[in-house]
Number of protein chains: 2
Amino acid sequence: MARPSFREQVLRAREDAILSSVNRLLAEKGFDAMTVDEVAADVGIAKASLYKHFASKEELAAAAMVQVLDRALALLAELEADSQASPLERLRAATRWTMQVQLAGEMPALPAQNSALRSALSAHRVYMERLVALSETLGSWIVAAQKAGQLDPGLPPEVILYTLFARACDPVLGLLKASGNHSDERIVEMLLSTCFDGLSGSRVPAPARSARGRAEPR
Amino acid sequence: MARPSFREQVLRAREDAILSSVNRLLAEKGFDAMTVDEVAADVGIAKASLYKHFASKEELAAAAMVQVLDRALALLAELEADSQASPLERLRAATRWTMQVQLAGEMPALPAQNSALRSALSAHRVYMERLVALSETLGSWIVAAQKAGQLDPGLPPEVILYTLFARACDPVLGLLKASGNHSDERIVEMLLSTCFDGLSGSRVPAPARSARGRAEPR
DNA sequence: GTCTATAAACTGATAGAC
DNA sequence: GTCTATCAGTTTATAGAC
């Protein structure tokens, strides 16, 4: 790219504005309920201008999701650079980040099984490439954490991976935020706890009150 | 109701058939993507006949969800009748049931935050009454399980309740089923484990391989 | 003959695409 | 701003059950 002309910079900036709006609307209402008119109104441009940037509603959503995946990949790179952190600490930090992004209203919902979006995304090269990169890094951390006994070695790694993806869009976050009874920080810490330690809670410290019959076997 | 005439029985049976179709379609595609024409075609009746039974698409969905809630309430009553079971065992059994229903493709997705369905449901007396009844029973089990040290007493009960509701619609179930690598039974048991014991796994039995630094504090 | 289901056409509104 | 498709909901005319 020889010269980043002024015009190109303007287009670039506008695209970023569009993607921010799309991500927020995608998080708020989901793909089906989000209308292109709404996006245009939110960005403050004409609907026709949107179609100068993106060929379809699906393209629009895919580009927005690629943006989020790129932010996630940048975070993973940061975490990987911290050689002090254990695999589990990295996974918890990554999960905490996704929850914070969701609370900020910037995490688009997982495309539902039969959404029109799903097939479009599977066919989207850039999106799939980012998704695979993300999965591979997370997958390596998961396997390492299992080897270190920090994650249940009885679970197939893909089950843990899918669960972490799902928790990034967990509706519980939104329900708790809507209830207004807890700070964002507390919500994140509680859900991190339920995710990694379960509803039963971590039993690590000591067999505190183990008088009664213990939990059934897994 | 003096006599359950033949005609009434037919209508009743047809309503059941309709609700079954709606629940399946609701689980498959969600409320927005489901069309009334589709429902009529699936049941094998005319669209006009549908509107003889239900005044609107929202009414249709609400009735279907009430049916599911009633099935759930019946299960809770059964579990409550078993005086042997601990609160935790009851909660696990109830959660297992919801996962099985979801795997069977009969669990409608949680209405999204901004769905047109959400406000309709909040205004639906019967639906709300069932939902409250369900929440109260589950809530009492949750509090009892916390008192018995079977569930993390540091979590507000509503956090646990919301989490159990969310797990009934957990997209991880569908992802794992689609991957085809595990039997339905195994999927349910794994997700029950991640729900109650967390991704780290139950640490109850013994401090097996605790050589390395232990999990960070909650 | 009366009641009911059905198919099919139609309306109005909305949304994607250009 | 226009075009077209889709969908919720209604209406009408026809056919069949009792």
Side-chain angles (χ1 to χ4, degrees), chain A residues 11 14-15 18-19 21-26 28-65 108-109 111-112 114-121 123-124, chain B residues 2-26 28-65 108-109 111-112 114-121 123-124:
Chain A
L11 287 186
R14 180 146 70 179
E15 267 185 29
I18 294 171
L19 295 186
S21 280
V22 170
N23 264 329
R24 200 164 39 72
L25 291 170
L26 229 38
E28 249 174 54
K29 346 191 18 169
F31 179 74
D32 291 328
M34 180 188 80
T35 71
V36 177
D37 294 78
E38 211 170 12
V39 175
D42 192 82
V43 182
I45 62 177
K47 188 161 59 158
S49 309
L50 261 191
Y51 282 92
K52 290 241 183 295
H53 290 270
F54 303 98
S56 69
K57 189 187 178 185
E58 280 80 12
E59 268 294 329
L60 198 56
M65 298 185 73
N114 277 33
S115 169
L117 188 53
R118 229 186 101 80
S119 50
L121 286 179
H124 195 284
Chain B
R3 83 179 171 178
S5 75
F6 177 69
R7 166 145 303 160
E8 272 169 12
Q9 286 182 29
V10 170
L11 288 185
R12 201 80 179 137
R14 180 143 73 182
E15 264 185 30
D16 281 349
I18 294 172
L19 294 187
S20 292
S21 280
V22 171
N23 265 330
R24 200 165 39 72
L25 291 170
L26 230 36
E28 249 176 52
K29 344 187 25 168
F31 179 74
D32 290 328
M34 179 187 81
T35 71
V36 177
D37 293 79
E38 205 172 15
V39 174
D42 192 83
V43 181
I45 62 175
K47 184 161 67 156
S49 306
L50 260 192
Y51 280 92
K52 289 240 186 294
H53 290 271
F54 303 98
S56 68
K57 189 185 179 186
E58 281 79 13
E59 267 295 327
L60 198 55
M65 299 185 73
N114 278 34
S115 169
L117 188 54
R118 232 187 98 80
S119 50
L121 286 179
H124 195 284

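The chains referred to below are lettered A, B, ... by the order of the sequence lines, with proteins before strands, and numbering in each begins at 1. Values below: every heavy atom of this structure, side chains too, minus hydrogens, waters and symmetry copies.
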When the distance from [atom1] of [X] to [atom2] of [N] is rounded to whole Å, what number comes out?
X     : N      : atom1 : atom2 : result
B:H53 : D:dT10 : NE2   : P     : 16 Å
A:L60 : C:dC18 : CG    : P     : 14 Å
B:D32 : D:dT6  : CG    : C1'   : 14 Å
A:K29 : C:dA15 : NZ    : C1'   : 12 Å
B:E58 : D:dG9  : CD    : C1'   : 11 Å
A:M34 : C:dT14 : CE    : P     : 18 Å
B:K57 : D:dT6  : NZ    : C1'   : 11 Å
B:L50 : C:dT4  : CG    : P     : 18 Å

Of the nucleotides [options], which has the atom closest to the [X] side chain?
X     : options               : result
A:T35 : C:dG16, C:dT6, C:dA17 : C:dG16
A:D37 : D:dA8, C:dA15, C:dT6  : C:dA15
A:Y51 : C:dC18, D:dG9, C:dA15 : C:dC18

Query raised in the report: Is there side-chain contact between B:E38 and B:K29, with at least one heavy-atom pair below 4.5 Å?
Result: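 Result yes, sub-4.5 Å side-chain heavy-atom pair found.
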Query raised in the report: Does any non-hydrogen side-chain atom of B:F54 lie less than 4.5 Å from one of B:V36?
Result: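 Result no, sub-4.5 Å side-chain heavy-atom pair not found.
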Report summary line: By nearest-heavy-atom nucleotide on DNA chain C, the more 5' of A:A33 and A:A55 is A:A33
Query raised in the report: Can you name the residues that form a side chain to side chain donor-acceptor pair (under 3.5 Å) with A:E15, not counting sequence neighbours?
Result: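 Only A:H53 meet the side chain to side chain donor-acceptor pair (under 3.5 Å) criterion with A:E15.
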Requested in this report: Please answer whether the main-chain N or O of B:S56 pairs with a side-chain N or O of B:E59 as donor and acceptor at a distance below 3.5 Å.
Outcome: no
Query raised in the report: Please walk me through it: do A:V39 and A:K57 pass side-chain contact (heavy atoms from CB on, under 4.5 Å)?
Result: CA-CA 10 Å; A:V39 175; A:K57 189 187 178 185; over 6 Å; no
Query raised in the report: Just to confirm, is there a sub-4.0 Å distance from OP1 or OP2 of C:dT6 to any side-chain nitrogen or oxygen of B:R14?
Result: yes
Report task. Look at the side chain of B:K47 and the base of D:dG9, then say whether one donor and one acceptor between them are separated by less than 3.5 Å. Result ->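 Indeed, a donor on one side and an acceptor on the other fall under 3.5 Å apart.
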